[in-house]
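Naming convention: chains lettered A, B, ... in sequence-line order (proteins, then strands); numbering from 1 in each chain. Everything quoted here is computed from the prediction, not taken from an experiment.
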Amino acid sequence: MEYNHKTVEAKWQKHWYENKRFSVTEDKSKKKYYSLVEFPYPSGAGMHVGHIRAYASLEIVSRKRRMEGYNVLFPIGFDAFGLPTENYAIKNNIHPRQVTDQNIKTFTNQLQRTGFSFDFDRVVDTTDEKYYRWTQWIFVQLFNKGLAFRDTTYVNYCPSCKVVLSNEDSQGGKCDRCETPVVQKEKDVWFLKITDYAERLLQGLKELDTLPRIRIEQENWIGKSTGAHVDFKVKDTDESLMVYTTRPDTLYGATFMVIAPEHKLLVKYHDRIKNMKDIHDYQDAAKLKTEFERVELQKDKTGVKIDGLVAINPVTNKEIPIFVADYVMIGYGTGAIMAVPGHDSRDYEFATKFGCDIVEVIKGGDIEKEAYTDTAEGELVNSDILNGLSVKEAKVTIAEYLEAQGIGKKATNYKMKDWAFNRQRYWGEPIPIVHCDKCGMVALDEKDLPLVLPEMEDFEPGEDGQSPLANVPEFVNTTCPTCGGPAKRETDTMPQWAGSSWYFLRYCDPHNNEELASLENLKYWMQVDWYNGGMEHVTRHVIYSRFWHQFLFDIGAVPTEEPYKKRTAQGMILGEDGDKMSKSKGNVVNPLEIIEEFGADTLRVFTLFIGDYEQSTPWNPSGVKGAKRFLDKLARLAEKVSDKPNDEYQTTLHKTIKAVDEDIENVKFNTAIAKLMSLVNELSKATHIFKEDYEKVLKLVNPFAPHITEELWESLGHTEDMVFASWPKYDPTKLVESTIEIVVSINGKVRDKISINIDMSKEEVLTLAKSTEKIQAQIAGKEIRKEIYVPKKLVNIVV
RNA sequence: GCCAGUAUGGCGGAAUUGGUAGACGCGUUGGAUUCAAAAUCCAAUGGCUUUACGGUCGUGCCGGUUCGACUCCGGCUACUGGUACCA
């Protein structure tokens, strides 16, 4: 019998959602479990099968946890501010609000058609003013603690989107969204001082249960390094030029210095510098270079020697030249370096081009040819007090020496930069700050939040990177909350990362109008027990949200320092052609089409069966029917159900219960399903199936295919639905077989198989093994040198 | 460049405290059922070789350890992701 997936699935979806089977309350009598998936950006294209797969993992876990007796919070929401919606709205002359509402409707429908057990009473929408009121509130707290500030910098600017981009949004010199080459533009922008939390963000990773590659990616992003600050006297001035170096032990090899084009030394001593015009020209040229060009041109070092200023190496006391070059960045360390060309390939290249001295200070290479950089270990030479020491010893000695002389001390640096927190577009949270001539920048009072986005007709961005909000005088012109005088509102909006940095907190108390979420609810639900999302969000989103969470912890708004206990990341489903799914390539698979033809259960099973969950894998359209056949077979087993127990398949059944349980916990959904398929194959060969056993099977399959299993469960006479039925346990005594088959090999090559009793001794097994016809033929006339018996596995005879 | 991951049949992928390589699924071939088809069921399915029994080769490449290596060690190659003048 084949079941009709359309009627069955519609029936159970109606039952679940109308009866709010997945809506939870803070029931303190039960253990809680909080499973979190990254909420989607509700694009106009709707979901693709990748979304289904991303959510399916914790959908399985959540349904399993419910059956295990947990009170499960499994929420969903929409990260709905953003450029695609705004661009679509402009193009089609519709308000982004309307577009967003429509897209959310589409997504919700798709999610429900797939049978996801989300708590739809807790849906959050970042563009809802009841939500972004609290996003703004958090910003105000950050601002009041000095963690939100404005600074003039050169920023990445996309001339097409007409927005300023963070470094993260403009990788490879191209706009993340539209691929237009990015240009540099001077602008006053908002920053969040995430660097203040760098060390804590790094330390907090120790507590996080995650794969090494996920942890390492975050560690690299934070980029901690340790070394020293060293002062280099500038000759004939009181000035010291401070550098940061991770290799103070190579100080004797520092034969010149390089400062970034933006370095303030150039301003302070401009009248002493004789070639100031050359330097100005160089600075101007550097400004024009985009990040992309800097990277592309990295092989060709450029720079200008400062004529009029000379530094002194503090340990050799030699005069060394100072250069300006854009391979030194103003934003990292002190914006100045000591160049050790003998042991740094960048410095080597620069020294060769500009004719600087190259001194070997660590033995082992040939600095005539190239920089010797394999210097994690080695022996110091040409280094006076360090001569003969190992690198390790030299680091200690020089550090003590520098401190004693007062010319340097240990220092730590982080690659991570402050978070550029702004966007010059309409469809984002307005930044709740007022600019007053008298009082400066003033945050809005809590009672004046939310600062609502004004209704507008025209969302075209202003010229010159201005936000469209600047075109609305009613919005811009206001009064100062402090002095009451005339003032102007900030017109930038927040970046997309804002709303997603705390949404998991709102789920704990989504309708609270007094605070972002009550401490009581947060204490019950937090931390998130398991958070699954994309590998691409491991650095930015996860770090940004951890930063906000640590800050909220510091001001007492949340009860835990870290938000997440465990983090996993799913692999992508690629198009049939092996490329990333994208509209432009035309290889997107629409889940609704699969649901129509094969059913939601089939789609769910197949997206998890297709490959290892944490690995990317191409979509295989013909494979879908395999999942469908499995479910049809499972349904057909109902015909064999009987009240009589059956011993035929007990070992397989209990082994499968154990394995499926473990596989789900270990994110091995593909093998869990494979083992269920094997079990169903075996059961379909059995003479009959004991009813209780069939129920166990249905429970195991239920998290993967909830509709059909509910239907079959009901057909067995159950009136309570399966959602809270108990998860099956295996019986350890049934895992052991009395008779097993083992392999007999000669010199490691399999020659025969024998059936043995589980408690036969080694001697008995070996005797039996040697007695078979095939083995006799193999060992006849040969000398047996060694006999190996691996209990329950194999016998190996060496001849 | 650096960091991480991956490499197994026609395809997606299983199997690592070293112990039957290819579970499970797709596809293919043959058969049953059918007026026929779809669906379903049964069987076979890594290469070469053999009528068959069997033999032999085989987990990206080269070498090593071991009774035994997809698994461990040394040396490469290719692809994917992240990151990048980070001092």
Side-chain angles (χ1 to χ4, degrees), chain A residues 1-2 171-172 211-221 223-225 227 243-247 250 254 258 291 294-295 297-301 325-329 331-340 344-347 349-350 373 413-417 535-536 538-539 569 571-572 574 578 605-606 609-612 614-627 629-630 632-633 636 668 670-681 684 741-753 774 777 785-799:
Chain A
M1 173 204 79
E2 202 180 316
Q171 282 169 21
L211 289 176
R213 63 187 177 117
I214 294 178
R215 188 195 324 283
I216 289 167
E217 221 168 86
Q218 292 190 61
E219 283 170 358
N220 290 346
W221 181 267
K224 182 181 184 175
S225 70
V243 301
Y244 172 71
T245 176
T246 55
R247 295 304 298 271
T250 62
V258 185
E291 195 100 344
R294 277 198 176 195
V295 171
L297 296 169
Q298 68 175 283
K299 284 173 190 87
D300 188 23
K301 297 272 178 296
D326 64 4
Y327 82 91
V328 172
M329 304 288 143
Y332 184 79
T334 61
I337 64 159
M338 63 176 215
V340 184
D344 182 289
S345 46
R346 295 157 301 175
D347 297 344
E349 197 189 319
F350 192 86
T373 57
N413 249 294
Y414 301 89
K415 282 189 207 171
M416 186 168 68
K417 294 178 182 130
M535 203 58 205
E536 69 277 20
V538 160
T539 46
M572 273 182 296
L574 307 169
V605 167
F606 187 64
F609 180 68
I610 193 166
D612 186 300
E614 293 174 310
Q615 223 74 55
S616 292
T617 186
W619 179 255
N620 175 1
S622 62
V624 181
K625 66 182 69 154
R629 280 184 195 150
F630 160 63
D632 284 342
K633 259 191 209 179
R636 246 179 280 126
K668 298 290 176 198
N670 55 335
T671 53
I673 293 167
K675 285 159 194 166
L676 287 167
M677 286 172 167
S678 296
L679 174 66
V680 166
N681 287 343
S684 52
E741 187 177 70
I742 66 163
V743 159
V744 184
S745 55
I746 309 289
N747 293 345
K749 284 189 176 163
V750 179
R751 297 297 177 186
D752 203 2
K753 291 169 190 180
K774 286 179 188 169
R785 292 232 310 259
K786 201 168 179 183
E787 293 171 344
I788 294 152
Y789 173 53
V790 182
K792 298 177 198 173
K793 289 267 164 77
L794 56 66
V795 169
N796 190 21
I797 297 166
V798 186
V799 297

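- Each of B/G82, B/C85, B/G12 was ranked by its minimum atom distance to the side chain of A/E217; first place goes to B/G82.
- Between B/G25 and B/A78, the distance separating the two C1' atoms is 28 Å to the nearest Å.
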Protein-nucleotides 2-9 of chain B N/O pairs closer than 3.5 Å?
unit_1	atom_1	unit_2	atom_2	d
B/G5	O2'	A/Q615	NE2	3.4

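- B/G68 adopts an anti glycosidic conformation, its chi angle falling more than 90° from 0.
- Across the protein-nucleic acid pair, A/K668 atom NZ and B/A14 atom C1' stand 11 Å apart, rounded to whole Å.
- B/A84 atom P lies 8 Å from atom NZ of A/K415, rounded to whole Å.
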Listed pairs, N/O of protein and of nucleotides 76-79 of chain B, under 3.5 Å:
none

(request) For A/E614 and A/L211, run side-chain contact (heavy atoms from CB on, under 4.5 Å): C-alpha distance rounded to whole Å, both residues' side-chain angles, the deciding distance at 0.1 Å, then the answer. (result) CA-CA 10 Å; A/E614 293 174 310; A/L211 289 176; 3.4 Å; yes
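- Nucleic acid contact for A/D347: none, since no nucleic acid atom lies under 4.0 Å from a heavy atom of the residue.
- Contact annotation: A/K786 reaches the phosphate of B/C67 (side-chain N/O to OP1 or OP2, under 4.0 Å).
- Among the heavy atoms of the strands, none lies under 4.0 Å from A/R215.
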Pull out every protein N or O sitting under 3.5 Å from an N or O of nucleotides 17-23 of chain B, one pair per line with the distance.
unit_1	atom_1	unit_2	atom_2	d
B/U20	O2	A/K753	NZ	3.2

Check: protein-nucleotides 41-43 of chain B nitrogen or oxygen pairs below 3.5 Å:
unit_1	atom_1	unit_2	atom_2	d
B/C41	OP1	A/R636	NH1	3.4

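- If you take atom P in B/G55 and the same atom in B/A21, they sit 13 Å apart, rounded to whole Å.
- Of the two residues near RNA chain B, A/E536 and A/I797, the one whose nearest nucleotide lies more 5' is A/I797.
- Looking at which nucleotide of RNA chain B each of A/G331 and A/V624 is closest to, the 5′-most match is held by A/V624.
- Across all non-hydrogen atoms, the minimal contact from A/G748 to A/N796 is N-OD1, 3.0 Å.
- Taking atom P on both nucleotides, B/U56 is separated from B/G60 by 23 Å, rounded to a whole Å.
- Listed here is the closest heavy atom pair of A/Y332 and A/S225: OH-OG, 3.2 Å.
- For the P atom pair drawn from B/G10 and B/U6, the interatomic distance equals 23 Å after rounding to whole Å.
- In terms of the side chain to side chain donor-acceptor pair (under 3.5 Å) criterion, A/Y789 has no residue partners (sequence neighbours excluded).
- A straight line from NZ of A/K749 to P of B/G54 spans 16 Å, rounded to a whole angstrom.
- In this structure the side chain of A/R215 never reaches within 4.5 angstrom of the side chain of A/V538, judged on heavy atoms.
- Taking atom CZ of A/F606 as the reference point, atom P of B/C26 lies 10 Å away to the nearest angstrom.
- The aromatic rings of A/F350 and A/Y327 are tilted relative to each other, their planes meeting at an angle between 30° and 60°.
- With distances taken from any side-chain atom of A/T617 to the nucleotides B/G13, B/A87, B/G25, the minimum falls on B/G13.
- Put simply, CD1 on A/I673 is 10 Å from C1' on B/C24, counting in whole angstrom units.
- In this entry the distance linking CE of A/M677 with C1' of B/A14 reads 13 Å, nearest Å.
- Side-chain atoms of A/K625 and base atoms of B/C26 include no donor and acceptor less than 3.5 Å apart.
- A side chain to side chain contact (heavy atoms under 4.5 Å, CB included) with A/K753 holds for exactly one of A/V743, A/V744, A/I742; it is A/V743.
- For the P atoms, the distance linking B/A37 with B/U29 amounts to 14 Å, nearest Å.
- At the phosphate of B/G68, neither OP1 nor OP2 sits under 4.0 Å from any side-chain N or O atom of A/R751.
- Annotation: B/A7 and B/C57 have their P atoms spaced 25 Å apart (nearest Å).
- Residue A/Y244 places none of its side-chain N or O atoms closer than 4.0 Å to OP1 or OP2 of B/A87.
- Side-chain proximity of A/K417 to B/G25, B/C86, B/A14: nearest is B/C86.
- With sequence neighbours excluded, the residues that form a side chain to side chain donor-acceptor pair (under 3.5 Å) with A/N681 are A/K633.
- B/G30 and B/C24: their P atoms are spaced 23 Å apart (whole Å).
- Among the atoms of the strands shown, only primed sugar atoms or phosphate atoms (P, OP1, OP2) are found under 4.0 Å from some heavy atom of A/S616.
- The distance between atom CD of A/E787 and atom C1' of B/G68, rounded to the nearest whole Å, is 15 Å.
- The same atom, P, is picked in B/G74 and in B/A23; the two are 32 Å apart, to the nearest Å.
- Atom pair A/L211:CG and B/G81:P shows a separation of 19 Å (rounding to whole Å applied).
- Looking at every heavy atom in both residues, A/V243 comes nearest to A/T334 through CA-OG1, 3.3 Å.
- Summarising the geometry of A/A627 relative to A/F606, their closest heavy-atom pair is CB-CB, 3.9 Å, with the distance given to 0.1 Å.
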